[in-house]
Amino acid sequence: MQLGNLERSVMEALWGHPDGMFAHVLAARLPSRPATTTVLTVLMRLSNKGMVSRERVGRAHLYKATAGKDAFVAEAMRAALDEAGDVSAAVQRFVGTVTPEVAAALREALGERDGSAP
């Protein structure tokens, strides 16, 4: 799922504050300093996408990311592969660009998936 710049900034802030944030606090902490109403609009869009939840606390709402950044990145990777015309070629090309640490993590994950992990 693609995110716009402000959506991405909001999600980064929420991922960094797993206990949640109020819109006015979030707006004040974003580098671009958007209006609180703008942040509320973005939060509603993210809520409609299933990425943000809200809970009433007093007269305001506390916003939280519904999943961690790792889940978002994994979904983005899966979606990118779904778009590839030749999945095998895309994976080969990707694997050719990763660091040894990422390659080791991929081997470990595939080993766990196949039941052959140490």
Side-chain angles (χ1 to χ4, degrees):
M1 175 180 307
Q2 292 286 350
L3 295 178
N5 290 339
L6 188 52
E7 287 177 322
R8 180 72 173 197
S9 294
V10 166
M11 288 308 302
E12 290 287 346
L14 291 176
W15 285 322
H17 293 86
D19 292 336
M21 297 179 79
F22 294 102
H24 69 280
V25 174
L26 186 52
R29 291 193 182 172
L30 292 174
S32 62
R33 305 294 265 204
T36 300
T37 54
T38 301
V39 171
L40 284 166
T41 299
V42 169
L43 287 164
M44 290 310 301
R45 287 184 186 151
L46 291 168
S47 177
N48 291 339
K49 293 178 181 183
M51 297 184 68
V52 170
S53 66
R54 70 181 188 164
E55 169 190 342
R56 185 169 280 285
V57 177
R59 296 181 58 186
H61 286 97
L62 184 68
Y63 293 89
K64 296 180 183 181
T66 57
K69 186 175 183 178
D70 55 341
F72 172 76
V73 171
E75 175 58 24
M77 291 167 54
R78 189 205 53 76
L81 286 174
D82 285 350
E83 295 293 318
D86 183 344
V87 173
S88 181
V91 169
Q92 287 295 329
R93 198 168 194 129
F94 171 72
V95 168
T97 66
V98 300
T99 65
E101 294 81 12
V102 172
L106 287 168
R107 273 191 223 86
E108 182 180 341
L110 289 170
E112 289 174 4
R113 178 184 172 156
D114 295 338
S116 60

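We use all heavy atoms of the structure for the numbers below, so side chains are in, but hydrogens, waters and symmetry mates are not.
A donor-acceptor pair under 3.5 Å is absent between the side-chain atoms of Arg45 and the main chain of Asn48, judged by distance alone. At least one donor-acceptor pair closer than 3.5 Å links the side chain of Trp15 to the backbone N or O of Ala67. Using modelled atom types, no side-chain atom of Arg33 and backbone atom of Ala27 make a donor-acceptor pair closer than 3.5 Å.
When every heavy atom of Ser53 is checked against every heavy atom of Thr66, the shortest pair comes out as N-CG2, 3.6 Å. Closest non-hydrogen pair, Leu81 versus Ala90, comes out as CD2-CB, 4.2 Å. The shortest non-hydrogen separation linking Ser32 to Leu6 is OG-CD1, 4.2 Å. Nearest heavy atom pair, residue Leu30 against residue Ser9, reads CD2-O, 3.6 Å. Residue Ala23 comes nearest to Val39 through the heavy atom pair O-CG1, 4.0 Å, listed as atom of the first residue, atom of the second, then distance. The shortest heavy-atom contact between Ala13 and Leu26 is CB-CD1, 3.3 Å.
Rounded to the nearest 0.5 Å, atoms CD (Glu12) and CG (Leu3) are 9.5 Å apart. The CG atom of Leu43 lies 10.0 Å from the OG1 atom of Thr36; values are rounded to the nearest 0.5 Å. To the nearest 0.5 Å, atom CE of residue Met44 and atom NE2 of residue His61 are 8.5 Å apart. Separating the CD atom in Glu112 from the CD atom in Glu108 is a distance of 5.0 Å, to the nearest 0.5 Å. With values rounded to the nearest 0.5 angstrom, Arg54 atom CZ is found 13.0 Å from Phe22 atom CZ. In this structure, Leu106 CG and Glu101 CD are separated by 12.0 Å, a value rounded to the nearest 0.5 Å.
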Begin with the C-alpha distance, continue with both residues' side-chain angles, and end with the deciding distance and a verdict on side chain to side chain contact (heavy atoms under 4.5 Å, CB included) for Met51 and Met11.
CA-CA 8 Å; Met51 297 184 68; Met11 288 308 302; 4.0 Å; yes
Take Phe72 and Met77, measure what side chain to side chain contact (heavy atoms under 4.5 Å, CB included) needs, and give me the verdict at the end.
CA-CA 9 Å; Phe72 172 76; Met77 291 167 54; over 6 Å; no
If you apply the rule side chain to side chain contact (heavy atoms under 4.5 Å, CB included), what do you find for Tyr63 with Met21, and how did you get there?
CA-CA 5 Å; Tyr63 293 89; Met21 297 179 79; 5.8 Å; no
Before you tell me yes or no, could you show the steps for His17 and Lys64 under side chain to side chain contact (heavy atoms under 4.5 Å, CB included), namely the whole-Å CA-CA distance, both residues' side-chain angles and the distance that decides it to 0.1 Å?
CA-CA 8 Å; His17 293 86; Lys64 296 180 183 181; over 6 Å; no
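Hydrophobic cluster membership differs between Leu110 and Phe94, with clusters built from Ile, Leu, Val, Met, Phe, Trp and Tyr side chains linked at under 4.5 angstrom.
Heavy atoms from other residues, nucleotides or ligands lying under 6.0 Å from CG of Asn5 number 12 at most.
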